[in-house]
There are 2 protein chains.
Amino acid sequence: MAVSVRDVAAAASVSVGTVSNVLNRPDKVAPATVERVLAAIEELGFVRNDAARQLRAGRSRSIGFVVLDVRNPFFTEVARGAETRAADAGLTVLLGTSDEDIERERVYVDLFEEQRVHGVLISPLADDLPRLQRLRDRGTPVVLVDRQAHDRSFSSVAVDDIAGGRLAAEHLLGLGRRRIAFVGGPESIRQVADRLEGARRAVAEVPDASLEVVPTENLTVLQGRAAGEVLRARPAAERPDAVFAANDLLAMGVLQALVMRGDAKVPGDIALIGYDDIDFAAAAVVPLSSIRQPAALIGHTAVDLLLREADADDDFTPEQVVFQPELVVRASTAG
Amino acid sequence: MAVSVRDVAAAASVSVGTVSNVLNRPDKVAPATVERVLAAIEELGFVRNDAARQLRAGRSRSIGFVVLDVRNPFFTEVARGAETRAADAGLTVLLGTSDEDIERERVYVDLFEEQRVHGVLISPLADDLPRLQRLRDRGTPVVLVDRQAHDRSFSSVAVDDIAGGRLAAEHLLGLGRRRIAFVGGPESIRQVADRLEGARRAVAEVPDASLEVVPTENLTVLQGRAAGEVLRARPAAERPDAVFAANDLLAMGVLQALVMRGDAKVPGDIALIGYDDIDFAAAAVVPLSSIRQPAALIGHTAVDLLLREADADDDFTPEQVVFQPELVVRASTAG
DNA sequence: CATCGATTTTGAATCGATTCATAGCAGATT
DNA sequence: AATCTGCTATGAATCGATTCAAAATCGATG
């Protein structure tokens with residue numbers, strides 16, 4: 001059933017080496033021969049077997065990307081950025097979701113290693129760096145995405161989330177708000193912890209300002225709505241006058257809970273800001289202020305670093321790229 | 001550098017066959033030997049080379065899934081459904097986006113074929129069925145997702161979009177609305193054409209009802225907003241009293257444009273219904289009525305059909321599964 | 001002690017594309 | 001005619017896990 005190079009070679013009356021050359025270095029083969037071989041390929045319906053190819057080459061032409069959550073538009077945007085850059089280099093990106101589950105993260109990392117991918121991009125869940133270290137030591141380049149490698153042992157692309165948290169909080173404080181609530185969790189996720197830390201620092205600098213944490217179980221719209229309900233259920237006087245949500249999904253949930261019954265006006269009673277600036281943020285009925293991260297650029301850069309590591313000699317020095325987040329003001333924090 | 005079964009075998013003083021057996025049929029190997037081999041594997045940091053494995057096996061343990069657009073939450077939901085089902089069978093799902101571009105669709109299909117994937121799930125863009133037919137003839141099972149195979153030559157999982165369109169329109173007509181606008185495009189996308197057709201039929205059955213089409217270039221929030229602007233710019237008397245958007249992304253865009261300046265109230269002045277019932281729909285500030293499709297179930301079923309085809313003998317009969325859509329009423333069409 | 005059956009282990013052959021040292025060949029040069 | 005140059009084409013060897021027929025090992029039984 002399966003048609004191999006050998007069959008093509010026989011049909012075109014050439015050797016297997018020549019077929020391979022037609023496939024990979026057509027300029028090294030006489031034009032007439034190329035034509036004959038291509039005709040045979042067409043006629044037999046030959047399709048290269050990638051497994052055999054990889055086996056010989058040692059590495060695959062794919063990059064594995066393990067993201068925290070495919071349903072978060074921020075990550076799909078990063079993935080798309082990575083994909084276009086990879087395509088330029090003739091590579092493909094394979095996506096895997098850890099769904100904030102350590103076990104699934106491991107499964108994907110192992111799978112990618114068995115596939116001898118060109119490299120692994122990963123937004124690691126927790127601090128399982130030793131595992132990634134081993135992966136790298138065995139020869140698979142690794143780039144951390146959306147996480148800074150503090151010990152400088154890995155290449156990484158990150159956005160300064162502490163600065164982002166500060167940016168959001170300072171914006172709210174600048175509006176004159178003083179009772180700020182941070183909605184987000186769990187704090188084991190580094191992004192959440194950093195954004196909170198940034199906000200804490202900004203609030204600490206303003207004497208009469210306070211910061212309250214409303215924890216969530218994950219970073220979804222549903223959890224945001226639950227957190228919003230908690231706030232809405234309080235007497236008006238005890239509500240915060242500003243909410244900083246750890247990401248836009250949460251913020252949209254909060255928004256819905258607050259505005260649904262008209263109890264609290266956004267931004268009148270409560271100013272609201274999210275994080276990531278996903279497409280839906282601008283499209284919310286009260287367009288959402290947010291902290292923008294250069295998602296596509298992050299993806300691009302991650303692939304660049306990966307390729308640099310893959311092509312490097314032994315004395316490769318990892319590189320840490322940190323982007324600065326940007327405040328985007330919309331109606332939800334107007335006035 | 002690379003550690004192979006041969007190295008492990010040497011370290012454990014056994015043959016390569018035994019190492020392979022430990023990996024794949026541990027019950028066939030004496031317990032003491034298993035332990036010795038596992039110790040060697042651990043010590044050397046051996047990782048199976050999947051390419052070699054596949055080469056021998058003939059097929060990979062992955063399923064390729066080509067979706068129209070990863071940024072549409074409906075498709076990521078289908079993909080997740082497929083993924084969980086595939087995981088049960090010990091398979092992995094690799095995602096590729098065609099982004100409504102025929103060329104990219106081809107690239108992914110070719111890639112998956114070269115990888116000898118277990119099978120291909122695809123929401124085909126246009127009618128390039130002959131190409132898929134060839135793929136299937138060469139031995140790769142193919143299941144069409146979100147598209148019905150009218151000629152019954154392929155297995156397929158679809159939702160009756162004509163029924164869905166009718167459902168949406170009848171709901172609006174049932175509210176007493178008579179001047180309905182359909183927002184969506186391009187009509188070359190089958191889903192769009194079918195939903196419109198269903199709406200047309202429903203409207204045709206009500207004497208004084210009319211249907212107007214407001215075309216869009218694609219199915220994004222941005223395009224929805226543009227369409228909404230077009231409607232809002234009209235004198236109030238010339239606006240439709242109901243809008244049916246071809247999907248929820250468009251609907252959310254329309255919603256924002258209409259409500260932004262308070263010119264038109266939803267559902268007071270204009271009732272609005274979308275399609276897909278994505279998570280964001282319920283979370284919109286005016287919660288969006290929609291036509292629900294069983295996304296996860298579609299993914300599950302697609303994988304089931306794929307496995308059935310993969311395990312089948314030569315005389316396999318493709319199966320077409322069609323789900324019925326379901327109306328979900330929320331505030332945007334209340335009253 | 002020989003024989004038999006069951007269990008465990010062996011290792012050469014295999015999958016298919018690629019590589020590379022070698023050979024073949026035509027035309028140019030001496 | 002002999003030698004050299006540049007271009008093409010060749011095909012055995014290779015990558016690493018798996019398979020499977022055959023061999024080895026072990027107990028048990030007559």
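Everything numeric here is computed off the predicted structure, so don't read it as measured data. Just so it is clear: chains get the letters A, B, ... in the order the sequence lines come, proteins before strands, and each one is counted from 1.
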Between D:dT8 atom C1' and A:Arg25 atom CZ, what is the distance in whole Å? 13 Å

With sugar-phosphate meaning primed atoms plus P, OP1 and OP2, does B:Ser20 contact a base, only sugar-phosphate, or nothing at under 4.0 Å between heavy atoms? base

Decide if atom CD of A:Gln133 counts as having more than 12 heavy atoms of other residues, nucleotides or ligands within a radius under 6.0 Å. yes

Could you pick out which residue, B:Ala30 or B:Arg116, lies toward the 5' side of DNA chain C when each is mapped onto its nearest nucleotide? B:Ala30

DNA chain C-proximal residues of residues 39-63 of chain A, any heavy atom under 4.0 Å: A:Phe46, A:Arg48, A:Asn49, A:Ala52, A:Arg53, A:Leu55, A:Arg56

What is the distance, rounded to the nearest whole Å, between atom NZ of A:Lys28 and atom C1' of D:dT10? 16 Å

Of all heavy-atom pairs linking A:Leu297 and A:Phe323, the shortest is CD2-CE2, 3.5 Å

A:Ser155 side-chain N/O to A:Glu319 backbone N/O, donor-acceptor pair under 3.5 Å: yes

Taking for each residue the nucleotide of DNA chain D bearing the nearest heavy atom, is the 5' side occupied by A:Gly17 or by A:Asp27? A:Asp27

Remember a base hit wins even if backbone is also touched, and classify A:Val14 as base, sugar-phosphate or nothing at under 4.0 Å, heavy atoms. sugar-phosphate

Could you report the tightest heavy-atom contact between B:His118 and B:Ser60, atom names first, then the distance? ND1-O, 3.2 Å

Can you work out whether A:Thr33 or A:Arg6 has the more 5'-proximal nearest nucleotide on DNA chain D? A:Thr33

Given side chains that start at C-beta, do those of B:Val93 and B:Arg85 come closer than 4.5 Å, heavy atoms only? no

Is the count of non-hydrogen atoms from other residues, nucleotides or ligands lying under 6.0 Å from A:Arg131 atom CZ greater than 12? yes

Heavy atoms of other groups near A:Glu43 CD, more than 12 under 6.0 Å: no

Would you classify A:Val19 as touching base, sugar-phosphate or nothing, given that sugar-phosphate means primed atoms plus P, OP1 and OP2, and contacts are heavy atoms under 4.0 Å? nothing

Does A:Arg138 use its side chain to pair, donor to acceptor, with the backbone of B:Ala2 at less than 3.5 Å? no

Side chains of B:Phe112 and B:Val109, heavy atoms from C-beta outward: is any pair under 4.5 Å? no

Taking heavy atoms of chain B and a 4.0 Å limit, find me the 5'-most and 3'-most nucleotide of DNA chain C within that range. C:dT8 to C:dG16

